[in-house]
Amino acid sequence: MFAFVYKPSKTGGLEILKYIGPGLLVTVGFIDPGNWASNLAAGADYGYSLLWMVSLSTVMLIILQHNVAHLGIATGLCLSEAAMKYVKPRYARLMLLTAMGASVSTSLAEILGGAIALEMLFRVPIRIGAILVTVFVIIMLFTNSYRVMERWIIAFVSIIGLSFIYELSLVHIDWGEAVAAWVTPSFPQGSIVVIMSVLGAVVMPHNLFLHSEVIQSRQWNLKDEKVIKKQLRYEFWDTFLSMMVGWAINSAMILLAAVTFFRDGTSVKELQDASTLLQPLLGGNAAVIFAVALLFAGIASTITSGMAAGSIFAGIYHEPYDIKDNHSRWGVLISLLLALLIIMIISNPFMGLIYSQMILSIQLPVTIFLQVYLTSSERVMGQYKNCASTKWILYILGGIVTLLNVLLFVSMF
């Protein structure tokens, strides 16, 4: 269990800085390699016109992640533990086993992203790169405490952000057109699949489990209502600011693709294409920095995927995530090693990305509606349960995300 004791701060307005961190771990899932592919396709094929998707998906993500973080604060339980405690065991175990399946699918995509980056940088074969990424992540998870891991993730996100700032400094952005596109929905001909892939892939099952767990890293006295309310307030700003970092990085991907590939009428189908095409347009440094940022995105998102799996699996045994505990360790290993095994045995590793997204599309509604059920229950949340309007907003958002994922699933056939 996370073992940090809450102490009143004397730093005034700077106190909020103590609580920034858990949201950034969730943001990593918002800027994972799967999002890179969708964003680059959006910018390359439709220019600035699909920037509004990033704004809408960020709003949806803030609401859902903020809500699941409340579960962790108000109950001291992660989503997995709460399911085992408040849902009939046979149903809870079934739902959590499907969540473990989704975590394997997520890990597969994240490991592949890191492997693709290694291929871009060092010509390492995909399968060898996948092994290197998996081994590195397991070592990171098994040898670092949560707070050290949090600092690593913040560093990774910073490197990704700085990389795109550099990339954008090399091109000319029409900021007037970009600002209008951020707030004006448009549906260019043939864009519906890209729109669904971006909006539908933003909310990921493992991130909902992860946020409810890591928000407890700043341990507090759950019997003190003033402390709980203070934590709820600071959690919102942590979530909001972290999601805005994700919004900025995802927007930068679309902007970069819009002013390089869309301008020249070049379509981007794979991440390797983007790096190769950037070189003649912006120079060798831009291509290398792009690949380095992708490598850090792949590693960081694989770390958070493994942590989420550890939380889900430990929750089945009514335990919190603790990498020193065997159940948490087994959850991490099941997710990462099964994902690696799939990459090793399938003839085309990139087809694994497609199938992994299908599994996520099927499982996501289970996790979302489990979350809303728990956070709307007075038995679970007490006075902090969702009010009627919040509950229905969450159900509507859950329905929208579910519909998008179902449509994306259908579009794959």
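No hydrogens, no waters, no symmetry mates; every other heavy atom, side chains included, goes into these values.
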Inset, instruction - Can you spot which of Thr106, Val104, Leu112 makes a side chain to side chain contact (heavy atoms under 4.5 Å, CB included) with Leu108? - result: Leu112

Legend entry - Pairwise side-chain contact, Phe209 with Leu96, heavy-atom cut-off 4.5 Å (strictly under): yes

Inset, instruction - Keeping the roles fixed (side chain from Ser305, backbone from Thr302), state whether a donor-acceptor pair exists under 3.5 Å. - result: no

Legend entry - Short side-chain to backbone donor-acceptor contact, Ser311 and Met307, under 3.5 Å: no

Inset, instruction - Decide yes or no for Ile154 and Val157: does some side-chain heavy atom of the first lie under 4.5 Å from some side-chain heavy atom of the second? - result: no

Inset, instruction - Could you tell me whether Trp36 and Phe296 have their ring centroids closer than 6.0 angstrom? - result: no

Legend entry - Short side-chain to backbone donor-acceptor contact, Ser186 and Ser49, under 3.5 Å: yes

Inset, instruction - Would you indicate whether the side-chain heavy atoms of Phe164 and Ile289 approach each other to under 4.5 Å? - result: no

Inset, instruction - Apply side-chain contact (heavy atoms from CB on, under 4.5 Å) to the pair Met100 and His206, showing each step before the final yes or no. - result: CA-CA 8 Å; Met100 280 299 297; His206 80 288; over 6 Å; no

Legend entry - Residue pair Met253 / Asn35: nearest heavy atoms and the distance that separates them: SD-O, 4.5 Å

Legend entry - Exam field: side chain Ser335 to backbone Gly331, donor-acceptor pair closer than 3.5 Å: no

Legend entry - Validation row, ring centre Tyr395 to ring centre Trp392 under 6.0 Å: yes

Legend entry - Distance-minimising heavy-atom pair for Ser376 and Lys391: OG-CG, 3.3 Å

Inset, instruction - State, with a plain yes or no, whether a side-chain heavy atom of Phe290 is found less than 4.5 Å away from one of Ser163. - result: no

Legend entry - Side-chain heavy atoms of Glu81 within contact of His318, under 4.5 Å: no

Legend entry - CG-CG distance between Leu370 and Leu79, expressed to the nearest 0.5 angstrom: 5.0 Å

Legend entry - Distance, nearest 0.5 Å, that separates CD of Gln65 from CG of Asp238: 11.0 Å

Inset, instruction - Could you tell me the separation between the CD1 atom of Ile138 and the CG atom of Leu336, rounded to the nearest 0.5 Å? - result: 5.5 Å

Legend entry - Phe142, CZ: over 12 other non-hydrogen atoms inside 6.0 angstrom: yes

Legend entry - Closest heavy-atom pair and its distance - Leu374, Val380: O-CB, 3.4 Å

Legend entry - NE2-OH distance between His327 and Tyr317, expressed to the nearest 0.5 angstrom: 5.0 Å

Legend entry - Side chain proximity check, Ser55 to Trp247, heavy atoms < 4.5 angstrom: yes

Inset, instruction - With side-chain contact (heavy atoms from CB on, under 4.5 Å) as the test, would you mind laying out the steps for Glu119 and Val124 before giving the verdict? - result: CA-CA 4 Å; Glu119 183 187 47; Val124 177; 5.5 Å; no

Inset, instruction - Would you check if Leu56 and Trp52 make a side-chain contact, meaning some heavy-atom pair closer than 4.5 Å? - result: yes

Legend entry - From Ile128 atom CD1 to Met344 atom CE, the distance as rounded to the nearest 0.5 Å: 7.0 Å

Legend entry - Donor-acceptor side-chain pairing of Asp45 and Ser191 below 3.5 angstrom: no

Legend entry - Atom of Ser80, atom of Ile316 and distance for their closest heavy-atom approach: OG-N, 3.6 Å

Legend entry - Side-chain touch Asp32/Met204, heavy atoms, less than 4.5 angstrom: yes

Inset, instruction - To the nearest 0.5 Å, tell me how far Met243 CE sits from Thr27 OG1. - result: 3.0 Å

Legend entry - Any donor-acceptor pair under 3.5 Å from Ser242 side chain to Thr239 backbone: no

Legend entry - N/O donor-acceptor pair under 3.5 Å between Tyr48 side chain and Asp174 backbone: yes

Inset, instruction - For Leu121 and Val292, run side-chain contact (heavy atoms from CB on, under 4.5 Å): C-alpha distance rounded to whole Å, both residues' side-chain angles, the deciding distance at 0.1 Å, then the answer. - result: CA-CA 8 Å; Leu121 290 167; Val292 169; 4.0 Å; yes

Inset, instruction - Determine whether the side chains of Asp322 and Ser328 contain a donor N or O and an acceptor N or O closer than 3.5 Å. - result: no

Legend entry - Gln363 versus Thr367, side-chain donor and acceptor atoms under 3.5 Å: yes

